[in-house]
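Written below as structure tokens is the structure these notes are about.
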Protein chains: 2
Amino acid sequence: MKTLKVPEATITRLSVYSRFLEQLDRRGIVTVSSGEIAKGVGAGPAQVRKDLAYFGEFGTRGVGYNVKDLMRYTLKILGIDESWPLVLVGAGNLGFALCNYKGFNERGFSVVGVFDNDINKIGKKILDLEVYPLENMREVIARHNVKIGIIAVPSDAAQEVAGLMVKNGLQAILNYAPVAINVPESIEIRNVDMSVKLEILTFNLGKKDL
Amino acid sequence: MKTLKVPEATITRLSVYSRFLEQLDRRGIVTVSSGEIAKGVGAGPAQVRKDLAYFGEFGTRGVGYNVKDLMRYTLKILGIDESWPLVLVGAGNLGFALCNYKGFNERGFSVVGVFDNDINKIGKKILDLEVYPLENMREVIARHNVKIGIIAVPSDAAQEVAGLMVKNGLQAILNYAPVAINVPESIEIRNVDMSVKLEILTFNLGKKDL
């Protein structure tokens, strides 16, 4: 598996398939075809089969996939068959929203520490978490063996926070600030741009007027 | 252009290229190669060329692309060479965060109306916007000619809000609630799942342990 080169778009879709399989499983559905998965998530059936083929042989011709098996396997591939503790920096509205975001918990993520350098925010409670000063980050990361940090600060503070996260031993960063951040190559970093999907909508609305 | 079938992944990347081109333009850079764009956004050069080729012939062999021209063209393709007013339902932490999100304004989006059915939230101010009851949505949509709505309510309220948006004449919906929503086929809808990118991180962290 060491040489596995899977396109990131495939991982993204795997994450979407995996959610769809969870829905099917909750509804008690036992088998599903690639066509049904494709329809459920808005992809093409050939795409679904190709994506899954990266990870081995699944399904039985004419029968389809076992929902529970495929769901468990996708969770395992994505690395979320275990739970992941997260730290989050930035106790503003976005930080609060992310701590409360059910989509994280449903996928095995839980925020175990929230940090800010704003004296008006330190000491506040988000759910059962108290907002700590940035100096406490190292200790919380060590105690919970945290590998992933979330940046939810304004753009102009994002680079500094990223540097601090790296210094404190985090291996991966999810950045919600709409700005590019530099980190050492060994650190996994992804930016969440909350407006990309808006532009898919405007593209599609624009097409209708052509 | 009516028969244009562009993969959604291409549109997503176009949105990313477009941001990168804006950065280059701000730094006064005049020409850029597909290799430089690819490096700047973490894609392959062949991918960049293929994506741009959907929309015509760009660039000069051996010289590259004119940054300003390509930037303007990508904005036009994405439909954001004009500004788009938005309405948003859900004046919780996520709603506040989205109204304050600089990434929206930078790309020509502006929230012109915020709505909630919670009597404790109605009348509050988000920037210079007052939170209105849902009954006012129709009037605001008509006044600003709004086509796109954002759902930032809890999962169990998302379907109802979507129905109301459709009834009030919106043509496109961006849903931040982690739940699937049904709308008529004529309505463009996309879900923003805030945890998908976390799963790309866990996938990549997992690979390292294999």
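Chain identifiers are assigned alphabetically (A, B, ...) following the order of the sequence lines, protein sequences preceding nucleic acid strands; residue numbering begins at 1 within each chain. Predicted, not measured: the structure shown is a model, and the values here were computed from it.
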Would you be so kind as to tabulate the donor-acceptor pairs closer than 3.5 Å made by side chains of residues 42-50 of chain B, with sequence neighbours excluded?
from: B:Gln47; atom 1: NE2; to: B:Asp51; atom 2: OD1; distance (Å): 3.3
from: B:Arg49; atom 1: NH1; to: B:Ser34; atom 2: OG; distance (Å): 2.9

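Sparse packing is recorded around CD of A:Glu160, with 12 or fewer heavy atoms of other residues, nucleotides or ligands lying under 6.0 Å away. Heavy-atom neighbours of A:Ile119 CD1 from other residues, nucleotides or ligands within 6.0 Å: at or below the threshold of 12. More than 12 non-hydrogen atoms from other residues, nucleotides or ligands lie less than 6.0 angstrom from CD of B:Glu36.
Here A:Phe104 pairs with A:Tyr101 under the ring-ring contact (aromatic ring centres under 6.0 Å, His included) rule; sequence neighbours left out.
Both the backbone and the side chain of B:Tyr176 come within contact range of chain A, judged by heavy atoms closer than 4.5 Å. Using a 4.5 Å cut-off between heavy atoms, A:Ile77 contacts chain B through both its backbone and its side chain. Contacts of A:Leu86 with chain B are made by side-chain atoms alone, with heavy-atom separations under 4.5 Å and no backbone atom involved. Heavy atoms of B:Ile148 lying under 4.5 Å from chain A belong exclusively to its side chain.
Residues from residues 190-202 of chain A that place a non-hydrogen atom less than 4.5 Å from a non-hydrogen atom of chain B comprise A:Arg190, A:Asn191, A:Val192, A:Asp193, A:Met194, A:Ser195, A:Val196, A:Lys197, A:Leu198, A:Glu199, A:Ile200, A:Leu201, A:Thr202, given in numerical order. Contact residues of residues 90-98 of chain A toward chain B are A:Asn93, A:Leu94, A:Phe96, A:Ala97, A:Leu98 (heavy-atom distance under 4.5 Å).
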Applying side-chain contact (heavy atoms from CB on, under 4.5 Å), run through B:Ile80 and A:Phe203 and close with a yes or a no.
-> CA-CA 8 Å; B:Ile80 50 173; A:Phe203 173 81; over 6 Å; no
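Ranked by heavy-atom pairs shorter than 4.5 Å toward chain B, the options A:Gly79, A:Ser18, A:Ala9, A:Ala172 are led by A:Ala172. By number of non-hydrogen pairs under 4.5 angstrom with chain B, the leading residue of A:Gln23, A:Arg19, A:Glu8 is A:Arg19.
For the pair B:Lys102 and A:Pro178, the tightest heavy-atom approach, listed with the atom from each and the gap, is CB-CG, 4.4 Å.
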